[in-house]
Protein chains: 2
Amino acid sequence: MTADRKELAALSPEERQAVILEKVNAAGRVLAAGLAQEFGVSEDSIRRDLRDLSDAGLVQRFHGGAARLVTPALDFHRREALHAEEKQSIGRAAAAPIPDGATLLVDSSTTVVRFVRALSPALSLRIITTAVDVAAAALDHPLAEVVMLGGRLGRLTRSATGAGAIDAIRALRVDYCVLGTCGIDHGLTLRADDFEDAHLKSAMIRAANKTLLLATADKLGQAATYEVAPIAAVSALFTSSRDTAILKAIREAGVDVETV
Amino acid sequence: MTADRKELAALSPEERQAVILEKVNAAGRVLAAGLAQEFGVSEDSIRRDLRDLSDAGLVQRFHGGAARLVTPALDFHRREALHAEEKQSIGRAAAAPIPDGATLLVDSSTTVVRFVRALSPALSLRIITTAVDVAAAALDHPLAEVVMLGGRLGRLTRSATGAGAIDAIRALRVDYCVLGTCGIDHGLTLRADDFEDAHLKSAMIRAANKTLLLATADKLGQAATYEVAPIAAVSALFTSSRDTAILKAIREAGVDVETV
DNA sequence: CATATATTTGCGTGTTTGTGCATGATTAGA
DNA sequence: TCTAATCATGCACAAACACGCAAATATATG
């Protein structure tokens with residue numbers, strides 16, 4: 001949305017790099033030659049930008065351009081296999097208190113996929129999601145009604161993004177919002193590079209009566225630049241972390257913390 | 001080095017290796033010659049890729065290609081592949097003529113999933129679908145932009161239904177519509193019980209410049225109650241059927257029939 | 001306002017990487 | 001064994017790259 005260019009107005013390197021980073025995360029990969037033409041600068045400047053972004057650890061370079069850090073190919077399944085047991089038990093714990101007839105709004109993450117799989121088959125549920133993998137898992141549930149929110153799919157999250165999805169969420173009113181992707185510091189945080197997702201998640205939280213947060217141990221204390229919501233917006237946190245200091249602080253914010 | 005250098009977007013070696021690794025793990029084994037053709041590079045480059053992957057301990061090489069390092073306990077993907085070599089070759093045949101830069105509107109079926117997997121990784125495509133499994137497969141394609149149309153998901157087709165999806169399709173204008181679920185009699189037919197899907201499919205056909213129909217042998221001559229469109233609405237039929245009588249009739253309706 | 005300093009940019013130079021082709025070596029299969 | 005296919009190695013070429021330098025621009029300071 002910010003890509004509006006005034007044809008000849010020269011952008012500062014910072015601005016340009018911000019736009020490039022956005023493009024990389026949206027498209028998966030960009031070519032130096034194409035960027036040079038788009039911005040009306042030489043390829044050298046683009047290369048300098050790419051090097052800066054690479055040094056900052058935000059993109060991965062290759063000959064001809066740059067790509068997103070985590071390539072889509074080495075993918076979801078690999079991440080899912082990582083810390084599988086931990087995610088499994090978090091998912092199980094979070095699924096336990098879900099009552100019959102509930103409507104759930106579920107974001108995209110490997111942990112919430114476990115959560116969906118752990119939901120009792122005896123429950124009649126309504127599961128709404130933007131993520132293809134969550135939708136696929138939810139369809140295996142015998143009684144769930146599954147609604148997929150559409151849009152352009154992000155390669156990394158394998159989930160819908162953009163204004164369409166956000167608008168659809170704004171029109172919703174659900175019992176539970178189930179999140180698994182956020183880092184937790186003083187609030188729920190996301191890396192700045194997917195700031196579109198941040199809007200999506202805060203819309204999800206607003207649409208829900210209660211917000212459940214599922215977080216593996218590595219998520220706690222992970223400060224990221226973009227704050228989606230204050231920690232008090234969360235109703236309950238399910239985590240494998242044993243970091244008593246942080247957990248105590250979260251409890252004192254009024255969050256029901258359950259460790260597994 | 002003159003001649004027409006490929007206009008196709010060249011993948012970096014890293015990206016190519018990631019895709020190859022995926023293919024190896026999905027298919028069990030790959031052939032160097034086939035990969036070279038798919039990626040539009042020489043066999044030498046493929047061999048270098050395979051050597052790198054082998055050095056990294058990710059695949060096992062053999063003369064002619066490479067194989068998965070550890071064969072997982074019988075996978076349900078494997079069962080599907082074994083049972084449906086027919087679908088595989090139909091998908092491959094239908095994928096072959098798709099040009100670079102095309103926009104595809106894809107319906108839900110196991111056959112079109114094969115089609116999506118068979119699309120050359122060297123192509124820049126835009127894949128729009130209502131089916132979660134198609135979306136998941138499309139996200140593995142390195143250059144595709146994937147758009148998921150939202151809505152309530154049907155349990156059987158694992159795909160969006162309803163007025164929302166139909167409206168979204170009405171607003172589209174695409175190059176190819178790829179269908180795999182219809183029966184074929186005198187026209188494209190669907191069982192009466194999913195008449196909502198019939199509306200969806202006819203909207204998809206109307207949105208497209210060309211309609212490709214992928215049909216396993218059992219689909220031909222299968223009369224069902226609801227007619228989605230006349231057979232002449234189809235541009236090309238890819239099928240494993242050898243039923244000369246029906247195929248002749250279809251050809252005479254102006255459809256380009258290709259048997260595999 | 002003028003000058004000094006810093007930043008950014010484009011171009012030239014040499015270096016690295018990726019690729020394809022040629023030439024032998026190796027292997028699978030008859 | 002023999003034969004054809006596959007493979008490794010060396011080489012050449014083009015594309016992409018990093019580095020240094022000078023001109024242009026922006027920013028700061030007296």
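Throughout, protein chains are lettered first and strands after them, A, B, ... in sequence-line order, and every chain is numbered starting at 1.
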- Task: Could you check how far CZ of B/R47 sits from P of C/dT19, rounded to whole Å?
- Result: 14 Å
- Item | Rounded distance in Å - CG (B/L53) to C1' (D/dC7) | 17 Å
- Find the distance B/L11:CG to C/dG18:P and express it as a whole number of Å. 14 Å
- Item | Between C/dG20 (P) and B/D49 (CG): distance, integer Å | 10 Å
- Message: Is there a side-chain contact between A/R16 and the phosphate of C/dT9, meaning an N or O under 4.0 Å from OP1 or OP2?
- Response: yes
- Query: Can you find a heavy atom in the side chain of A/T161 that is under 4.5 Å from one in the side chain of A/D197?
  - Reply: yes
- Task: Of all the heavy-atom pairs spanning B/L214 and B/F115, show the shortest one and how long it is.
- Result: CD2-CB, 3.7 Å
- Message: Can you see if the side chain of A/R51 gets near the phosphate of D/dC19 - specifically, an N or O under 4.0 Å from OP1 or OP2?
- Response: yes
- Just checking, is any N or O donor in the side chain of A/T216 or A/K87 under 3.5 Å from an acceptor N or O on the other one? no
- Query: With respect to the phosphate group of D/dA8, does any side-chain polar atom (N or O) of B/R61 fall under 4.0 Å of OP1 or OP2?
  - Reply: yes
- Query: Does OP1 or OP2 of C/dG10 have a side-chain N or O of A/S45 closer than 4.0 Å?
  - Reply: yes
- When you get a sec, tell me which of C/dG20, C/dG18, C/dT27 is the closest nucleotide to the side chain of B/H63? C/dT27
- Between B/G64 and A/A33, name the one whose nearest nucleotide on DNA chain D is closer to the 5' end. B/G64
- Task: Considering only NZ, NE, NH1 and NH2 on the basic side and carboxylate oxygens on the acidic side, decide whether A/D140 and A/R117 come within less than 4.0 Å.
- Result: no
- Message: Please report the distance, rounded to the nearest Å, between CG in B/D52 and C1' in D/dA8.
- Response: 14 Å
- Could you state the CD-C1' distance from A/E14 to C/dT9, rounded to the nearest angstrom? 16 Å
- Please confirm whether any donor atom in the side chain of B/D44 sits under 3.5 Å from an acceptor in the base of D/dC7, or the reverse. no
- Quick one: B/E43 CD to D/dT9 C1', roughly how many Å, whole number? 17 Å
- Which whole-number value in Å describes the distance from A/L50 CG to D/dA18 P? 9 Å
- Task: Could you tell me whether the side chains of B/S235 and B/T211 share a donor-acceptor contact shorter than 3.5 Å?
- Result: no
- Message: What's B/R48 touching, base or sugar-phosphate or nothing? Going by heavy atoms closer than 4.0 Å.
- Response: base
